*Asks:* 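Below you will find the structure I want to go over with you.
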Amino acid sequence: MAKHETPFLDELENGPWPSFVSDLKQQAEVRAKNEKGVEFQIPQDCVDDLLGVVELSYKHGRTHWKHGGIVGVFGYGGGVIGRYCDQPKLFPGVEHFHTMRVNQPCGKYYSTEYLRQLTELWDFRGSGVTNMHGATGDIILLGTTTPQLEEVFWTLTHDFGQDLGGSGSNLRTPADCLGQSRCEYSCYDTSALCHFLTNEYQDELHRPAFPYKFKFKFDGCPNCCVASIARSDMSFIGTWKDDIRIDQDAVNKYVEKDPAYPANAGAHKGRDWGPFDIKKEVLDLCPTHCMKFENKKLTINTEHCTRCMHCINVMPRALKIGKETGLSILCGAKAPILDGAQMGSLLVPFVEVNADNDYEAITEIIENIWDWWMEEGKNRERLGELIMRQGFQKLLEVTGIEAQPQHVAYPRTNPYIFWKEDEVPGGWERDVDEYRKHHLR
Ligand code: HEM
Ligand code: HEM
Ligand code: SF4
Ligand code: SF4
């Protein structure tokens with residue numbers, strides 16, 4: 001018998017999609033029966049009370065969590081999001097309902113053994129409710145009390161070799177696309193780089209030292225499966241410098257509609273789009289029109305190819321990324337608050353990804369940007385906003401990168417151009433009397 005009536009939530013048990021309400025009810029029941037004899041460290045009925053308070057919010061159309069909450073573990077300045085219910089008498093089980101962020105493995109590959117020990121810990125010391133995963137990437141353990149935080153942290157670190165993720169004005173938990181683990185488009189080992197930089201910058205992740213939050217994300221190619229260009233202050237996107245590798249026999253298999261070679265690996269097979277037409281679906285859609293198909297031979301003018309991925313995405317068995325691979329770095333993506341949404345702007349068109357020298361070329365750029373933003377960034381100003389305020393030119397200066405046409409989608413249209421004094425013959429110091437000798441009042 002459920003603790004609270006939930007008529008609004010009950011509606012959400014209908015329909016084909018997996019219902020979070022059904023799952024929460026199941027978890028409430030598992031805790032009520034407690035067949036495993038767990039010595040629950042937080043109220044046994046916390047999930048019932050969670051359903052109760054969410055139902056109340058459905059009724060009122062308003063949240064019932066109090067403002068903010070500052071909790072954590074010693075040594076760290078972040079990792080836990082404190083929260084308290086504003087109706088603790090009605091729902092004592094969620095009077096404290098803190099969220100712990102746990103740093104996920106790259107590509108989110110797990111063993112059942114790892115997940116089982118994590119869920120056992122969370123059933124014991126938390127609500128047993130999770131978010132797999134938070135939008136930044138963390139494993140999210142949803143709901144526990146303050147005294148349990150150090151206990152969970154102890155077991156995570158001592159027994160599981162597992163650390164917390166980031167929160168606050170610091171480096172947040174980095175995340176990657178699954179990269180070379182199972183994608184033939186991946187231009188570098190996203191997981192290796194993501195893992196290395198997460199370890200390299202643990203201090204910046206656990207102890208807030210920045211003007212505001214800062215995120216890294218790693219995409220193996222411009223398809224951007226982890227959406228780094230939109231969701232990270234520094235976005236690392238794989239690419240290549242040389243030619244796209246063309247297997248002419250395979251191209252002709254596509255053209256001849258060999259069933260083993262469906263366009264886009266069969267992604268559109270749910271609807272009849274007619275027979276594959278290489279001109280219509282590939283050549284004419286190439287954004288730079290740099291492809292030709294003549295006498296059963298496909299050619300690509302590499303000089304004009306922008307590596308948009310379209311042709312490779314359509315004919316994955318025939319076209320492959322080049323061999324001279326690396327990545328591009330884009331900076332400044334952020335959500336609208338304060339002064340408008342931004343996507344990453346291209347800073348480094350191409351840089352090598354070299355694990356042998358600990359990714360020196362990449363860490364140097366990161367640290368130069370941090371040196372600048374940490375000094376010049378205003379309180380709660382994202383990197384993208386500092387770039388707008390002080391100018392992209394300043395970003396180029398602090399990273400020691402020479403301006404090049406690839407840095408802009410188009411040149412400026414306004415003529416409010418600043419010059420440095422030493423670029424102008426004679427400088428800025430002028431004597432008006434000297435001027436008057438030639439120009440009478
Ligand atoms: C034959 C007569 C004149 C010519 C050919 C002339 C030409 C110009 C030109 C080419 C500009 C620059 C526009 C720009 O930056 O886009 C300008 C700006 C200006 N002129 Fe004249 N002008 C003349 C007379 C005058 C007079 C008589 C006055 C005032 C009494 C005047 C006041 C200004 C002012 C205030 C500006 C704006 C300066 C700025 O944008 O910083 N001009 N003029
Ligand atoms: C006490 C008298 C005046 C004051 C306080 C004054 C103040 C200003 C200010 C604050 C601006 C804007 C500057 C900027 O955009 O950065 C301006 C622009 C301008 N003023 Fe005056 N002004 C005065 C008299 C005059 C007179 C007498 C003339 C013309 C005979 C004049 C012509 C202009 C012009 C053409 C501009 C536009 C310049 C541009 O768009 O770049 N002003 N003035
Ligand atoms: S971003 Fe590119 S490399 Fe990474 S998983 Fe997606 S398609 Fe593959
Ligand atoms: S990757 Fe894009 S720009 Fe390059 S040849 Fe293919 S479709 Fe054209």
Side-chain angles (χ1 to χ4, degrees), residues 2-6 8-9 12 20-21 23-25 27-32 38-103 118-119 121-136 138-156 163-170 172-173 206-208 212-213 335 337 380:
K3 185 174 170 191
H4 305 284
E5 297 274 303
T6 54
F8 285 112
L9 291 180
L12 300 179
F20 74 95
V21 176
D23 287 354
L24 286 173
K25 285 183 177 179
Q27 173 67 2
E29 206 179 300
V30 166
R31 285 177 78 90
V38 179
E39 288 177 44
F40 295 119
Q41 298 298 300
I42 75 165
Q44 187 166 0
D45 61 357
C46 71
V47 183
D48 295 279
D49 280 351
L50 177 63
L51 284 159
V53 72
V54 173
E55 177 72 18
L56 191 66
S57 286
Y58 271 62
K59 195 169 143 196
H60 290 164
R62 271 173 282 152
T63 183
H64 279 292
W65 303 108
K66 292 183 188 177
H67 180 98
I70 300 178
V71 293
V73 297
F74 278 108
Y76 290 4
V80 186
I81 320 303
R83 200 103 320 163
Y84 302 91
C85 182
D86 74 0
Q87 296 295 336
K89 293 235 161 57
L90 286 178
F91 308 109
V94 292
E95 181 174 3
H96 290 211
F97 202 72
H98 311 324
T99 287
M100 300 189 77
R101 290 186 177 161
V102 176
N103 199 147
L118 193 67
T119 50
L121 169 66
W122 195 235
D123 281 336
F124 173 40
R125 298 199 178 276
S127 64
V129 178
T130 66
N131 173 1
M132 296 297 274
H133 297 74
T136 298
D138 300 275
I139 300 166
I140 306 284
L141 304 179
L142 271 174
T144 192
T145 60
T146 307
Q148 292 306 309
L149 300 176
E150 290 286 0
E151 307 289 345
V152 173
F153 185 52
W154 198 96
T155 308
L156 285 177
D163 209 333
L164 294 181
S167 71
S169 286
N170 58 6
R172 300 296 184 82
T173 310
H206 291 307
R207 284 165 284 274
Y212 201 7
K213 65 171 85 161
I337 290 170
R380 297 183 76 77

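Numbers here simply count residues along the sequence, with the first being 1. We use all heavy atoms of the structure for the numbers below, so side chains are in, but hydrogens, waters and symmetry mates are not. All values reported here derive from a predicted model rather than from experimental measurement.
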*Asks:* Please check if the distance between the ring centroids of F91 and H4 is under 6.0 Å.
*Replies:*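 Under 6.0 Å, so yes.
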
*Asks:* So do L90 and D49 actually touch side chain to side chain, heavy atoms under 4.5 Å?
*Replies:* no

*Asks:* Tell me, do T6 and V21 make a side-chain contact under 4.5 Å, heavy atoms counted?
*Replies:* no

*Asks:* Indicate yes or no for a side-chain donor-acceptor contact from E55 to the backbone of E5 under 3.5 Å, with no hydrogens or angles considered.
*Replies:*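 Not at all, since once roles are kept as given, no pair shorter than 3.5 Å links the two residues.
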
*Asks:* Would you confirm whether Q41, through its side chain, and E39, through its main-chain N or O, come within 3.5 Å as a donor-acceptor pair?
*Replies:*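 Looks like yes, one N/O pair under 3.5 Å.
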
*Asks:* Between Q148 and G126 (side chain of the first, backbone of the second, donor and acceptor by atom type, cut-off under 3.5 Å), is there such a pair?
*Replies:*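 No, Q148 side chain to G126 backbone: no donor-acceptor pair under 3.5 Å.
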
*Asks:* Any donor-acceptor pair under 3.5 Å linking the side chain of S167 with the backbone of G78?
*Replies:* no

*Asks:* What do you reckon, is NE2 of H67 surrounded by more than 12 foreign heavy atoms closer than 6.0 Å?
*Replies:* no

*Asks:* Does Q27 use its side chain to pair, donor to acceptor, with the backbone of S127 at less than 3.5 Å?
*Replies:*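 Yes; at least one donor-acceptor contact below 3.5 Å.
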
*Asks:* Would you say the side-chain atoms of R31 pair up with the backbone N or O of Q44, donor to acceptor, closer than 3.5 Å?
*Replies:*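 The answer is yes, because a donor-acceptor pair under 3.5 Å joins these two groups.
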
*Asks:* Kindly say whether F97 contributes a backbone atom to a donor-acceptor pair with the side chain of R83 at under 3.5 angstrom?
*Replies:*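 Pair absent, no side-chain N/O of R83 close to backbone of F97.
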
*Asks:* Considering residues at least two apart in sequence or located in another chain, which fulfil the ring-ring contact (aromatic ring centres under 6.0 Å, His included) criterion with Y84?
*Replies:*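 Residues passing ring-ring contact (aromatic ring centres under 6.0 Å, His included) with Y84: H96, H98.
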
*Asks:* Do T99 side-chain atoms and I81 backbone N/O form a donor-acceptor pair below 3.5 Å?
*Replies:* no

*Asks:* Is a side-chain donor or acceptor of T130 paired with a backbone partner of I140 at a separation under 3.5 angstrom?
*Replies:* no

*Asks:* Only one of N170, D163, N103 forms a side chain to side chain donor-acceptor pair (under 3.5 Å) with H206, so which one is it?
*Replies:*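 Result: among N170, D163, N103, D163 is the only option passing the side chain to side chain donor-acceptor pair (under 3.5 Å) with H206.
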
